[in-house]
Protein chains: 4
Amino acid sequence: MPEPKQPVGRPRDSQIDHAIASATRALLAERGYAKLTVDAVASRAGIGKAAIYRRFATKQEMIFAATVHDMEEQPPPDSGSLHGDLEAVCEVIAEQLSTAAPDVLHGLLADLHGDSSLGARFTGTFIERERFVIDTVLARAVERGELAAAPDAAIVHALLLGPIFYWLLILIGDRDRLPDLVRTTAAAVADTLAATAPPSR
Amino acid sequence: MPEPKQPVGRPRDSQIDHAIASATRALLAERGYAKLTVDAVASRAGIGKAAIYRRFATKQEMIFAATVHDMEEQPPPDSGSLHGDLEAVCEVIAEQLSTAAPDVLHGLLADLHGDSSLGARFTGTFIERERFVIDTVLARAVERGELAAAPDAAIVHALLLGPIFYWLLILIGDRDRLPDLVRTTAAAVADTLAATAPPSR
Amino acid sequence: MPEPKQPVGRPRDSQIDHAIASATRALLAERGYAKLTVDAVASRAGIGKAAIYRRFATKQEMIFAATVHDMEEQPPPDSGSLHGDLEAVCEVIAEQLSTAAPDVLHGLLADLHGDSSLGARFTGTFIERERFVIDTVLARAVERGELAAAPDAAIVHALLLGPIFYWLLILIGDRDRLPDLVRTTAAAVADTLAATAPPSR
Amino acid sequence: MPEPKQPVGRPRDSQIDHAIASATRALLAERGYAKLTVDAVASRAGIGKAAIYRRFATKQEMIFAATVHDMEEQPPPDSGSLHGDLEAVCEVIAEQLSTAAPDVLHGLLADLHGDSSLGARFTGTFIERERFVIDTVLARAVERGELAAAPDAAIVHALLLGPIFYWLLILIGDRDRLPDLVRTTAAAVADTLAATAPPSR
DNA sequence: ACTTAAACGAGACGGTACGTCCCGTCTTTGC
DNA sequence: GCAAAGACGGGACGTACCGTCTCGTTTAAGT
């Protein structure tokens, strides 16, 4: 029996889930990743620490849940060309990333890769999902006849999203210029792929 | 006179600087960024904690100094072509980065951007130095007649080094395939630049 | 209403109070006052340092509480004569003091008078209590007709207990001879008082 | 040869001895025993720490030397009676003690008895000297015929000086009343001795 | 309505690391 | 060839968090 887990006792209060998430986000914005403490989140949310640890095993999981909560990524609608598809993919990622402060992303990434289980979960969701999106748009291009064969998706992944991450996380570049970067990147990747795997005439 | 600051008292023992740096690096390699403690560094280096805090205000500054100690980046020798120069720049960065464990890079970046003074210092040295290297190779290309005008260096910076960081820090990709990525990236950027700012015929 | 202060949250574990006190006393006996460390107390008591600092603001307060825990001093039973009463008072004090090592007494007194709040607390409890005992036996003597009027209690206090403290703390005298000293002191004080304030015939 | 110790090199600067002692006394008065640091003394005296440690093995010795520097105690001139002699002894001690703050005396005593070598030295000088003074006045009384035999000097020592120490160190009593206490104590001890060892008629 | 079982706010708990301070020693340069 | 200035190893201090664990109270579902 797959254990329907008939609930006994007081059920979890779903308001608390929201309170935790929004307190976490507020404190991240106010004080930064490094100075976020679980006690502060509990206090700000008006709840006890136990309510947090009943939901999340570690502080990192809490932050992870509060920050990447709704990042659902779907392959973009078929734009009719590889170039258009790649640009759409880039744009979505860029938009999502630019809502977060760089120090939060760095802190989260550091903690993610410092904890192997969380790291695996991150790779298993976000990275895989991005990869799937890229696979999809590449397959479309092959089908469309733009490319002779699907190139290595991992390399394309890095070429396409790397510049955006670097701009936001390392260069801490001006966000107004992000659209420029997105356009240039998408164009460069599209051209390179076309040159490397030209359609068999 | 700009204060020659003639030293009085016992001078700092430069052997201790080395001992701190190498103990830090050893412990980072052995136990990882998250488990590095100042006491452990002092103990391993055979010194007192005070000697560390006399040199560095925080643990983060110590790690910063110990890890980025000798990263001197010079523009690569002129290879004769923009493509060759870009590839050389990429290779050097890729080589430097791959000597460090990903968790150290993440931890360091997180701490860097969690402390504004350190973050500014990082940008003011490494990023500026990388930017200078890129400026140099772009200027060479213009001089050579490969490009009509030097393109925006910041964008080139992101396009060129972003994929490598992404590969190592986010994808945690196979390091054996890094040379492939470097080649592809350099080629893509060179082609894009040539297409965007072609030599005035 | 004088604030009944209904407790919320997890209450303090009173076993820990005992564990701290007995670990402190054990370590004082084993290693002496100067070598007592808070970490050692915590470790010996099997608790965290935070549990100590939640109860006591400083190491000194902890030692104060641990060493003077149960020193409840009551006026001795009426022996029928001033001399007998004074001797009883002396004996009790002498016995209590001789259970402690001189270095602990010195250390404690030094810390007491190095921290004004602790010093005031010490005076407000022990000294006051001793004074009350002395007041009581003097009042008895007046009632009994042994003395015409109660003499200055502060002077009597010093005359009666001073020699014992001096013997134990300054002379570090042989403890076997303490009973002798107690007898002589009590006799001297009783005689002096009788001579100074004789019963009005 | 009894080693005339012909001095080699630069002789010690005796001004420094004074500077150390007065800086120590000033800081003791300003900040108290517990907060006295060697660095502060050196800085205040305008000298290096080494100059201090060249003269004293420990901080305690330095304070000891600075505070008890000139306490030379001689038996008082013969007053003609035991009572008068005892009172004179008391007065001298009381005067010397009341120049020092109680926290300094306590701190010093604590450190003295925490360090056995210094403790022995203290006993070997001050206590012995006091004892000699008491022995002397008791011998005079015997010679004079006031006492049949010299009583136990240790007990007399405690009886005579204990109340003064207690008043100043434990009760932190009013110093204006010290003369009263001295008179009462001397009278009590004189009477008791006379009663215990009356002159053989 | 009453029992039961879990969730709740509050906050104490063991543990670990931090950064500071001081001691007594050692090592320079300058007088 | 000593002195000041101050760096050094060592070690304790008191603080701050983490993730866990009681308390006494509250809330739903099942009797």
Side-chain angles (χ1 to χ4, degrees), chain A residues 6-13 15-16 35-40 42-43 45-60 62, chain B residues 6-16 34-40 42-43 45-60 62, chain C residues 6-16 34-40 42-43 45-60, chain D residues 7-13 16 35-40 42-43 45-54 56-60 62:
Chain A
Q6 140 193 21
V8 186
R10 177 173 175 175
R12 296 251 173 100
D13 182 345
Q15 288 198 326
I16 290 181
K35 293 191 177 164
L36 182 80
T37 71
V38 176
D39 287 83
S43 162
I47 59 169
K49 259 202 301 183
I52 293 175
Y53 282 105
R54 211 172 284 118
R55 289 166 170 76
F56 308 105
T58 65
K59 174 187 171 183
Q60 283 72 38
M62 178 190 73
Chain B
Q6 131 191 29
V8 287
R10 177 174 175 175
R12 298 263 169 91
D13 183 344
S14 71
Q15 289 198 325
I16 288 182
K35 293 192 178 164
L36 182 81
T37 70
V38 176
D39 287 86
S43 162
I47 60 170
K49 249 199 311 181
I52 293 177
Y53 282 105
R54 209 172 287 119
R55 290 167 168 76
F56 309 105
T58 64
K59 174 185 167 182
Q60 283 74 38
M62 177 191 74
Chain C
Q6 137 192 16
V8 289
R10 177 173 176 174
R12 296 263 171 91
D13 184 344
S14 72
Q15 289 198 325
I16 289 181
K35 293 191 178 165
L36 183 79
T37 71
V38 177
D39 286 86
S43 161
I47 60 171
K49 247 199 312 182
I52 293 177
Y53 282 105
R54 210 173 286 119
R55 290 168 170 75
F56 309 105
T58 63
K59 174 184 169 183
Q60 283 73 38
Chain D
V8 184
R10 176 169 171 177
R12 293 239 178 111
D13 183 345
I16 290 181
K35 294 191 178 165
L36 182 81
T37 70
V38 177
D39 288 84
S43 161
I47 59 169
K49 262 203 297 182
I52 293 176
Y53 282 104
R54 209 171 290 121
F56 309 104
T58 64
K59 173 187 170 184
Q60 283 74 37
M62 177 191 74

What one should report as the nearest heavy-atom pair of Tyr53(D) and Val38(D) is OH-CG2, 3.5 Å
Arg10(C) has its side chain closest, among dC21(F), dC8(E), dC17(F), to dC21(F)
Between Thr58(C) and Pro11(C), whichever has its closest DNA chain F nucleotide further toward 5' is Thr58(C)
Contacts of Ala42(D) meeting side-chain contact (heavy atoms from CB on, under 4.5 Å) (sequence neighbours excluded), chain-then-number -> Ile47(D), Lys49(D), Ile52(D)
Under 4.0 Å, counting only non-hydrogen atoms across every strand here, what does Leu36(A) touch: a base, just sugar-phosphate, or nothing? sugar-phosphate
Checking dG19(F), dA7(E), dA3(F) against the side chain of Arg54(D) (C-beta onward), the nearest is dA3(F)
Atom CD1 of Ile16(B) and atom C1' of dT28(E) are separated, to the nearest Å, by 14 Å
Note: Leu36(B) and Met62(B) closest approach over all heavy atoms is CD2-CE, 4.2 Å
note: Gln15(B), atom CD; dC8(F), atom C1'; distance rounded to Å ~ 13 Å
Closest to the side chain of Val38(D), out of dT15(F), dC26(E), dG24(E), is dG24(E)
Out of dC21(F), dC18(F), dG10(F), minimum distance to the side chain of Ala50(A) belongs to dC21(F)
Separation of dG14(E) atom P from Ile52(C) atom CD1, nearest Å, is 9 Å
Q. If you take atom types as modelled and just measure distance, does the side chain of Lys49(D) reach the base of dG24(E) with a donor-acceptor pair under 3.5 Å?
A. yes
Rounded to whole Å, the CE-P distance (Met62(D) to dT25(E)) equals 14 Å
Among dC18(E), dA4(F), dC8(E), the one nearest any side-chain atom of Ala51(D) is dA4(F)
Rounded to whole Å, CG of Asp13(B) lies from P of dC26(E) at a distance of 15 Å
Arg12(B) atom CZ is separated from dT28(E) atom C1', nearest whole Å, by 14 Å
From CG of Asp39(C) across to C1' of dT15(F) the rounded distance in Å is 13 Å
One should read off an interatomic distance between Arg55(C) CZ and Ile16(C) CD1, to the nearest 0.5 angstrom, of 5.0 Å
Of Ala42(C) and Thr37(B), the one whose closest nucleotide on DNA chain E sits nearer the 5' end is Ala42(C)
Exercise for review: Please answer whether the main-chain N or O of Arg54(C) pairs with a side-chain N or O of Arg12(C) as donor and acceptor at a distance below 3.5 Å.
Suggested key: yes
To the nearest angstrom, the CD1-P distance between Ile47(C) and dA12(E) comes to 14 Å
Distance col, row Asp13(C):CG vs Gln15(C):CD, nearest 0.5 angstrom, shows 5.0 Å
*asked:* Below the 4.0 Å mark, does dC8(E) have OP1 or OP2 next to a side-chain nitrogen or oxygen of Arg55(A)?
replied: yes
Item to check | Phosphate-side-chain proximity, Lys59(B) and dC18(E), N/O vs OP1/OP2 below 4.0 Å | outcome: yes
Are any of Tyr53(A)'s side-chain N or O atoms less than 4.0 Å away from OP1 or OP2 of dT20(F)? no
Of Ala57(B) and Ser14(C), the one whose closest nucleotide on DNA chain E sits nearer the 5' end is Ser14(C)
